[in-house]
Amino acid sequence: MPEPGHGEVLLRVAGCGVCHTDLHVMKGEVAFPTPGVLGHEISGTVAGWGPGVDGLTEGDEVVCSFIIPCATCVHCVRGRDDLCIEFFAQNRVNGTMYDGRTRIYRPDGQPLAMYSMGGLAEYAVVPANNVFRLPDGLPLVDSSILGCAVFTAYGAVRNAADLQYGQTVAVYATGGVGSNVIQVARALGAAQIIAVDVRDEQLRAAQQLGATDTVNAATEDVTARVLELTDGRGVDIAFEARGLPETFVRASEAVADGGRLVAVGIAEWRATAPIEITRLVRRSIRIIGSYGARTRTDMPAVLQLAREGAITTSQVITRRGSLHDAPQLYSDLDGGRIVGRAVIDQA
Ligand SMILES: [Zn+2]
Ligand SMILES: [Zn+2]
């Protein structure tokens with residue numbers, strides 16, 4: 001049972017999303033210390049808190065984002081929680097909180113690294129500035145995915161792409177994050193949303209979430225098809241949500257003059273992709289990276305979209321399991337056998 005320190009909240013975890021980023025760590029494609037506890041997309045109920053925390057009641061239903069802002073570094077001070085120096089330097093490198101210590105230990109006292117809050121567990125400790133009360137009427141377990149899949153999609157669409165009402169969009173890879181990019185783009189007024197994936201069932205799911213057109217990259221010439229669907233213009237914004245050099249290049253080819261390529265998918269360490277320079281220059285095309293979103297300002301916005309029914313969590317979730325099923329769910333995610341999102345359900 002982890003103990004909340006000053007400014008921290010103890011949560012009984014209800015839902016934890018099964019995310020590709022955890023898988024990257026498990027497979028050694030992203031460096032992270034071991035032994036550690038993964039799981040960074042959680043919802044839960046308040047079970048206690050440390051000194052300096054007020055306004056919470058035991059049993060409050062809450063969600064957390066995967067980016068825990070320190071609130072004091074140069075980036076956090078100007079509202080860029082997505083760039084928090086402490087988060088990357090301490091949590092993502094050492095698996096600790098910002099006093100250099102973890103909050104999770106084995107019964108014999110051995111420290112365990114925590115990936116974000118270490119949410120694949122019965123309890124988690126989270127700083128109070130990353131604890132957001134769930135609006136009434138939203139499902140507790142399913143709302144866990146608001147904290148990474150939806151949060152990341154919101155950051156990509158709202159902050160990086162700066163989507164304007166009526167613009168056209170293509171989403172390359174429509175899994176956990178991609179399917180939510182579709183939802184958020186629809187909610188924020190995209191006129192046309194082209195879903196690109198290699199699995200037909202994933203494309204059918206994308207249509208239900210608001211994709212207006214679908215392209216199967218395994219059987220069709222993706223770039224030719226996207227250009228055809230946009231009368232030869234290409235899309236105002238192409239989102240790359242897979243993190244593969246090949247997909248990155250394909251997405252860049254579909255961007256209209258003056259448009260943006262937004263990269264959301266984490267690639268293997270040091271992967272690169274060749275992009276046509278002259279077209280980029282002449283046609284004023286921008287390439288923008290987007291990691292997560294700005295916790296303190298964007299989590300309330302994400303919760304508002306969910307509260308209004310502009311986005312759904314339950315429709316994206318297609319698999320559920322207990323904590324003991326986690327290895328199987330991650331292995332199914334690795335094998336491409338999960339449509340949308342799977343969650344660990346401990347409610
Ligand atoms: Zn994630
Ligand atoms: Zn910071």
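Just so you know, ligand 1 is whichever comes first in the structure, and atom 1 is the first atom listed for that ligand. This structure is a prediction, so every number in the text was calculated from the model and none was measured.
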Do the charged groups of [X] and [Y] touch, with an N to O distance under 4.0 Å?
{"X": "Arg204", "Y": "Asp197", "result": "no"}
{"X": "Asp334", "Y": "Lys27", "result": "yes"}
{"X": "Asp231", "Y": "Arg233", "result": "no"}
{"X": "Asp81", "Y": "Arg294", "result": "no"}

Handout entry: N/O/S atom of His75 inside 2.8 Å of the Zn ion (ligand 2), strictly under
Key =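 It does not; every qualifying atom lies at 2.8 Å or beyond.
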Handout entry: Metal-centred angle, SG of Cys73 through the Zn ion (ligand 2) to SG of Cys76, rounded to 10 degrees
Key =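 The angle at the Zn ion (ligand 2) comes to 110°, rounded to the nearest 10°.
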Practice task
Indicate if the distance from the Zn ion (ligand 1) to the nearest N, O or S atom of His40 falls below 2.8 Å.
Solution key: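 Short answer: yes, at least one N, O or S atom is under the cut-off.
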